[in-house]
Structure formats: structure tokens, C-alpha cells
Student: 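First the structure, then my questions, so here it is.
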Amino acid sequence: MSHAYDSLDPRVRKWVYKQGWPSLRSLQENAIPAILAGDRDVLISAGTAAGKTEAFFLPACSATADITGGFGIVYISPLKALINDQYRRLESLGEALDMPVTPWHGDVPQSRKQKARANPSGILLITPESLEYLLINSSGWLKQAFSPVAYVVIDEFHAFIGTERGMQLLSLLNRIDHVLGCHDNPIPRVALSATLGELEKVPAQMRPDKQLECVTITDSNSSARLQVQVKGYLEQVRVKGEELKVPAEELVCADIFRLCRGDSHLVFANSRKRTESIAATLSDMCEQKVVPNEFFPHHGSLASDLRETLEKRLQRGDIPTTAICTMTLELGIDIGKVQSVIQVTPPHSVSSLRQRMGRSGRRGSPSVLRMLITENELTATSDLIDYLRLQLVQSMAMIRLTISKQWFEPADIHQKHYSTLLHQILAIIAQWGGVRADQLWLQLCQKGPFRNVDLSSFKMLLKHMGAIGLLSQLASGEVIVGAEGEKLTNHYTFYAVFNTPEEFRIVTGSRTLGTIPVDSPLLPGQHIIFGGLRWRVTEIDAEKKVIYVEATRGGRPPRFSGGGMSVHDVVRQEMLTIYTEGDYRIAVGGQRVDYADAAARSLFSEGCDYFRNYHLQDTNFITLGQHSYVIPWMGDKVVNTITALLVRSGFKASSSAGVIEAEYSSVASVRHTLKHMMQSGLPSEAELAADVPKKVLNKYDELLPESLLANGYGAKAYDIEGTRIWLQEHLQ
């Protein structure tokens, strides 16, 4: 072992020895001096299963093992399940050091929390929402319990950056520093993540005031082996020359059944609806073939005991198990060794794809990724998206960016996050009872995370909150929570900044299966799929919000809501490169490697043929029938902006998959209109947003003044500057 290893606490070294590790990984070696220094922020970025958790906790526990009278380490996670998993992983290390490890979230029994309240020490594993609760309701206890904290570590940091929840977390960390009175000597922050785009910009996201230096540690010796395949499917295919047609999803399920039976795998299906549908189909196939069911759904609406049972089954590793999941198994929950990851339809993002790839190939074996991509059969009514086979080529672009270019989406740092700012104003006032407006501005915007909000917008928000009863001002000038604000802050849902719609429980007998949102209307007698099984609704208790069901053989999936994430400029530009070169292969060791099956190659060839037939290597504007199309090969923000500009000018325009369609129009009229708008001055992003009738996206958007709502929506949906640059280049 090395000098870095020798600097660890002897009890930690003994624990490492008992694990049977011949040595520490280079990532862990490099992290030890940075963590032990205790005077800087540290960013640890490495692939899944690279040992990031140990890279932090081995030195951090060495430094804090003898701290008494409060917690030494506060670990913050985006998922309850990840906290439960880390508790299991840290328990033996904690025992070796006589350091208690305390999980703290909504599902942890009160008896366990009371024990920690009476004697806080060791490691606290907590969610942002539970931190919010403690700051508002137990700030005095928090001040005492957190006074000796030496490190705050944030796991899966990429899941927070640029999100409403991430802004809440950064605000919470500032508020904790304020409660502890350690602004001049802030607690070091450590971030762990596998997929961070533009790594050099991440430290500013971790601590916007840059009060501490940040050291970045990466896994430079990573040599993970990858095996990748893309399989293509036509949405409808002929069977043996007959007119019988089989939906592509049935063919996808048949392949999943063939590839996965007898071992453990993860299948990412993106939406809950598709997750349930695939799980039910695979369960039916097991029943038809009279074999044990090995296929189970995993998503956020399932009851926690069903999810945890599946996770434990995967962790055991001795029973063949395939989880059909949404994003719930994407993050770092240790689910043991799975043979492969299957992605059905393109993933939401490149970073999401990389996270998922890393879930297989642990403990020395290669990561295996299969992407199963369906495309529609071409007919007389097919559209440009089908002709170009855009789903397939987007998947190929994401694979190239992940493997060949090691690129991930950077955080969108231009958003305003007004909804979360409103929440944090209420939270800080609820915490202290009364706060001056200038103190709120200083803590939240001037020195806090909401630096994109200017003073005039902040004043407008405070005045509006007063006008609608969320705030009130005392004669002394202090701002307090108003009558309407108390209704929000006193409700149990207040501690989360993300939407938590009321949901109906699904119950069979005395057992709760999970929940579905109330925007999925159901009627008695209706058949549904849930938990990968088929049910008939027997009764609906609207008052108690319970749907009673019984097992049945019929059924269709419930209509779950939820949308995809925005596609980045770089992804679409990589797609254009693939079309232009006519080559999707990846470069490995100086050779071009083909990873597509025969069906995918055929579909790709079709897409390239149409790309050339429409001369899309030379133009971004084409006419098909009575409609004209704009294909910018840019991300969704620019696509949304061009679409909105055309709608403003009277065109019936819409967009999908990066393609803009203007109905009953000519290319000349579209080009002329866009050129005229550019020359006369493009509207602002907020002005475009003002045309959108439904702008409420985040939890407290409906409480914002209209101008701020439009401002925030515009920053999220549009990119005027990017559009201006594109128009200047392509309208000459």
C-alpha cells in the first residue's frame, strides 16, 4: 500500500484489509490527501462502480472518527433508495470505527430518528427534503447536531445540477452555513458523480460564491470494456409473406425474453407506461411457456416494498432477475452484477445513457449495452421523421458521443428557477419567523444560488407574494409568512420543490400495490396493468383516494403522464455528421467498429438514402407535398424558438424530433419570413413565452406574476441567441 493509504486511520486500514482488497484504486489514492486536507471542496468524477463512495468515505471517516457531540459527515442523496443502499454499504465501516450511520428520510421510523436526535454522531444520510424539514422545524437542534460537521458530500451530483431540486439544495447548504455561523470558515463540500459535462464549470455549480478552492479528481486509469449492439425493428412487419402484422413491441419483448432469461439484466423503457406494458408481456410469456417469471417492473409509483424486494433479489445474484425500469435504477443503487443493460427507444440524454451502461460490467466483466430501436413502416402517409429514421440515428449519435467522444450534456445554467426562489423565500421566513427583504436578497441572490435573478425581478416577486397573501410586512419592516403562505408552509408537501400530485393507492385485498396519479382516470370494471400484472378495477373510493382491484387476465396499461428531457445541440449535430458521412461506426483502437444488426443497418441505409434524396447535406429547408420543413440539426431550444417565430408570423407550425413542419406553405415563404424577422429584430425569450397559454411547469409556477412566469419559461424553452446565430448562417 501507498503513503496515502498509510495516512488513513489504522481502523480504516484494518477494515480495508478485511475486505481482501490487494490495493486501493488510483481514484481512491488520489482522493485521500484532498479529503484529509479538510480545507477545500472536492469533485470526484468517475464511472459507475469506480469506487467513488470509498474514495470519499475512507479518508473522511479517518478524519472524523473521533468527533463527538454531533455528526461528522452529512451525506446528501437524491434518492431514498440510494440512502438505504449506502447505509448497508457503510454499516461495517461504521462499526469498525464505532461511528453510527443514520439514514434519515420519510420512510425511516421515528424511533430511529429520535435516537439520533438524542445522541447525534457519526454519519447522517439524508435527502434535501428532510434537510428542509429540519431547518424549518428543528433549526436549534440542527445547529447543535451539525456544529462539528467536517464534510458535506453530495452523491449523484449530476442529478441536481441545473434543476429546481439542485437550487433548493444549494440554498439549503448556504442556510446551514448561516445557522452554524461559519460563513468565514465554510464546511467543505464534496460532490460525487459519474457523468458531468464541462467538468471545469462544475465547481461553480457546487459553490457559486467560490469561497473555497475546488480540487477535481477523475479516474484517469479507467479501462472499462464495452460491448454495444443496436437492434432495429419495424413498427409493423409482415410474417411469412402473409398480411398478418406484429407490433414491434411484441418483437422487442420476444428478444428481451430470449436474451435475458436465465440471468440478471436491466431493461430501461423510459416511460412508466412502456415499463408496465413490457413487464406484463414478458410475465405473460413466462406463463405461456410454463416457466417461472423472472421479469418485474421498477418505477416510482410502485410501493416501496415491491421495489425493495426486487432490488434485494438483484443484489442476491443467485436468482435470474430482469428489472424493467424507468430512471429509478439509473443512479448508483448497488444492484449487484447484471449481465447486460437493454435500452428500449433512445435514452433521454447522453449522460443518462452512460449512467445506464455503467450498471452492467461490474467486477471485471465488460459492460454490455443493447439498444432496441423501433421505427415505423414506410407508407404513402409517412412523414420526414420516419423517412430519415431519426430515432435510430439519434441512438447512434448518443453511442458515438458516449464511447468515442466521452461527451455528456452540461448543465443549463441560464434558467431562472423562480418557482424554487419563491419556495426558498417562504422557507427561510418560516425558519426564522421574520426576515428583512435585504437579508433575503443577500442570502438567496447576491451571495446565494439564484444569481440569474436581478434585483428588480426579486422586488417584483416579493411584492406579488405580498399581494396574494403569501407574505406580510410588519411595521418594523420585517417580512413574515402571510395567511396564504402559512397554508403552504404548514402542509407536509412543502418540503419538496418538485411536484407531488395527489395519487390514488391501488389496493388488492389488504395489500397496497402502489400509486398512480389522479390524471389517469379509471372506472370500475376497467382493466389495467400495474406491477407487471393485470388487474380489474372493482371499486374506487374517491374520498380515501383508493382504487380496489382484483387479478384478471385482460387489461391495458394505465396512462401515466411524463415527458422527455430536452435534446442538446451537440446530439443533433452528431446526427448530421453521421448522415453526411454515411457512417455510424465508432472508432476503437484505430479501427471502425460496426455495432448494428442487419435490421438496424437496413434502416440506417434507408435513412441515409432519403437524406441524400432530399439534399439535406446542402439545405435545411425542403418541401414535401403541401408542407415545408426546416431541419436545423440543433437542440430542442433552437427548434422551439424557430417554431415559435413561425407561429408568431401566422404559420401553422409544429416540431417533433428536431424537425419543424410548416403546413400549406412554401420554403420561400418560410425563409422570407425568418429573414424579415431577423432583420427587424427577434423577440425576447420572455416575449415568445408570453404567447404560450400554459406555462406552469414547476411546483409554484402558478403563484408567480405573469411576467416572471414568462421570463422563467422563456429561459427554459427558448434560445434566441443560438437561433440568431443559426439564422445568420443559414439564410444567406
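Note that this is a predicted model, so its numbers are computed, not measured.
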Student: Quick one: does any side-chain atom of Asn698 pair with a main-chain N or O of Asp701 as donor and acceptor, under 3.5 Å?
Tutor: no
Student: Any idea which heavy atoms bring Pro78 and Glu156 closest together, and the distance?
Tutor: CG-CB, 4.0 Å
Student: Could you walk me through whether Gln168 and Thr420 pass the side chain to side chain donor-acceptor pair (under 3.5 Å) test, one step at a time?
Tutor: CA-CA 7 Å; Gln168 178 192 24; Thr420 303; over 6 Å; no
Student: Could you list the residues that satisfy side-chain contact (heavy atoms from CB on, under 4.5 Å) with Glu606, not counting sequence neighbours?
Tutor: Leu378, Arg389, Leu603
Student: Please determine whether the number of non-hydrogen atoms from other residues, nucleotides or ligands lying under 6.0 Å from atom NE2 of His676 exceeds 12.
Tutor: no
Student: Between His299 (side chain) and Cys325 (backbone), is there a donor-acceptor pair under 3.5 Å?
Tutor: no
Student: Sequence neighbours excluded, which residues qualify as side-chain hydrogen bond (donor to acceptor under 3.5 Å, both in side chains) partners of Glu706?
Tutor: Lys695
Student: Quick one: does Ser419's side chain have a donor or acceptor within less than 3.5 Å of a partner on Tyr700's backbone?
Tutor: yes
Student: Applying the side-chain contact (heavy atoms from CB on, under 4.5 Å) test to Tyr629, which of Ile622, Asn620, Thr623 qualifies?
Tutor: Ile622
Student: Could you measure the distance from the OG atom of Ser649 to the CG atom of Leu674? Nearest 0.5 Å is fine.
Tutor: 7.5 Å
Student: Before giving the answer on ring-ring contact (aromatic ring centres under 6.0 Å, His included), spell out for His730 and Trp633 the whole-Å C-alpha distance, their side-chain angles and the decisive distance to 0.1 Å.
Tutor: CA-CA 11 Å; His730 293 87; Trp633 303 112; over 10 Å; no
Student: According to side-chain contact (heavy atoms from CB on, under 4.5 Å), who are the partners of Asp155, at least two apart in sequence or on a separate chain?
Tutor: Tyr75, Leu82, Gln86, Leu192
Student: Cation-pi check for Phe621 against Arg671: NZ or CZ below 6.0 Å from the six-membered ring centre and within 45 degrees of the axis, yes or no?
Tutor: yes
Student: Any donor-acceptor pair under 3.5 Å linking the side-chain atoms of Glu164 with those of His417?
Tutor: yes
Student: For the NZ atom of Lys716 and the NE2 atom of His414, what is their distance to the nearest 0.5 Å?
Tutor: 13.5 Å
Student: If you draw a 6.0 Å radius around CD in Glu200, do more than 12 non-hydrogen atoms from other residues or ligands fall strictly inside?
Tutor: yes
Student: Restricting to salt bridge (charged side-chain N to carboxylate O under 4.0 Å, His left out), what partner residues turn up for Asp583, sequence neighbours left out?
Tutor: Arg585, Arg592
Student: Tell me, please, which residues at least two apart from Arg165 pass salt bridge (charged side-chain N to carboxylate O under 4.0 Å, His left out).
Tutor: Glu129
Student: Please answer whether the main-chain N or O of Asp719 pairs with a side-chain N or O of Thr641 as donor and acceptor at a distance below 3.5 Å.
Tutor: yes
Student: For Lys405, give me all partners under salt bridge (charged side-chain N to carboxylate O under 4.0 Å, His left out), at least two apart in sequence or on another chain.
Tutor: Glu574
Student: Can you tell me how far the CD1 atom of Ile720 sits from the OG atom of Ser684, to the nearest 0.5 Å?
Tutor: 7.0 Å
Student: If only atom types and distance count, is the side chain of Asp412 paired as donor or acceptor with the main-chain N or O of Gly162 below 3.5 Å?
Tutor: no
Student: May I ask you to decide if Val571's main-chain N or O and Gln394's side chain share a donor-acceptor pair within less than 3.5 Å?
Tutor: no
Student: Identify the heavy atoms of Leu135 and Gln431 that sit nearest to each other, and give their distance.
Tutor: O-CG, 3.1 Å
Student: Begin with the C-alpha distance, continue with both residues' side-chain angles, and end with the deciding distance and a verdict on side chain to side chain contact (heavy atoms under 4.5 Å, CB included) for Leu704 and His464.
Tutor: CA-CA 7 Å; Leu704 298 174; His464 181 76; 5.6 Å; no
Student: In terms of the angle between their ring planes, are His423 and Phe494 parallel, tilted or perpendicular, with boundaries placed at 30° and 60°?
Tutor: parallel
Student: Can you tell if the side chain of Thr493 reaches within under 4.5 Å of the side chain of Lys699, non-hydrogen atoms only?
Tutor: yes
Student: In plain terms, say whether Glu132 and Arg175 are close enough for a salt bridge, that is, a side-chain N and a carboxylate O under 4.0 Å apart.
Tutor: yes
Student: Minimum heavy-atom separation for Val230 to Ala600, with atom names?
Tutor: O-CB, 3.6 Å
Student: Could you tell me which non-hydrogen atom of Leu421 sits nearest to which non-hydrogen atom of Phe450, and how far apart they are?
Tutor: N-CE2, 3.6 Å
Student: Hey, does the side chain of Asn452 reach the backbone of Lys416 with a donor-acceptor pair shorter than 3.5 angstrom?
Tutor: no
Student: When rounded to the nearest 0.5 angstrom, what is the spacing between CD1 in Ile428 and CD in Gln443?
Tutor: 4.0 Å
Student: Checking Leu401 against Leu353 for the side chain to side chain contact (heavy atoms under 4.5 Å, CB included) test, could you report, in this order, the C-alpha distance in whole Å, the side-chain angles of both residues, the deciding distance, and whether it holds?
Tutor: CA-CA 10 Å; Leu401 289 167; Leu353 175 62; over 6 Å; no
Student: Under the side chain to side chain contact (heavy atoms under 4.5 Å, CB included) rule, what do Leu731 and Gln728 come out as? Steps first, then yes or no, please.
Tutor: CA-CA 6 Å; Leu731 289 178; Gln728 286 172 344; over 6 Å; no
Student: On the 0 to 90° scale, with breaks at 30° and 60°, tag the Tyr579-Phe611 ring pair as parallel, tilted or perpendicular.
Tutor: parallel
Student: In Å and rounded to the nearest 0.5 Å, what is the OG1 to NZ distance from Thr673 to Lys675?
Tutor: 12.5 Å
Student: For residues Met575 and Ala397, report the shortest heavy-atom separation together with the two atoms involved.
Tutor: CG-CB, 3.6 Å
Student: What is the distance from atom CD of Glu375 to atom CD1 of Ile385, rounded to the nearest 0.5 Å?
Tutor: 10.0 Å
Student: Which atom pair, heavy atoms only, marks the closest approach of Ala644 to Tyr718?
Tutor: CB-CE2, 4.0 Å
Student: Please check if the side chain of Thr489 supplies one atom and the backbone of Gly485 the other of a donor-acceptor pair under 3.5 Å.
Tutor: yes
Student: Please determine whether a side-chain nitrogen of the Lys or Arg among Asp569 and Lys637 lies less than 4.0 Å from a carboxylate oxygen of the Asp or Glu.
Tutor: no
Student: Main chain of Leu616, side chain of Thr619: is a donor-acceptor contact present, judged purely on distance under 3.5 Å?
Tutor: no
Student: Is there a donor-acceptor pair closer than 3.5 Å between any side-chain N or O of Gln343 and the backbone N or O of Thr345?
Tutor: yes
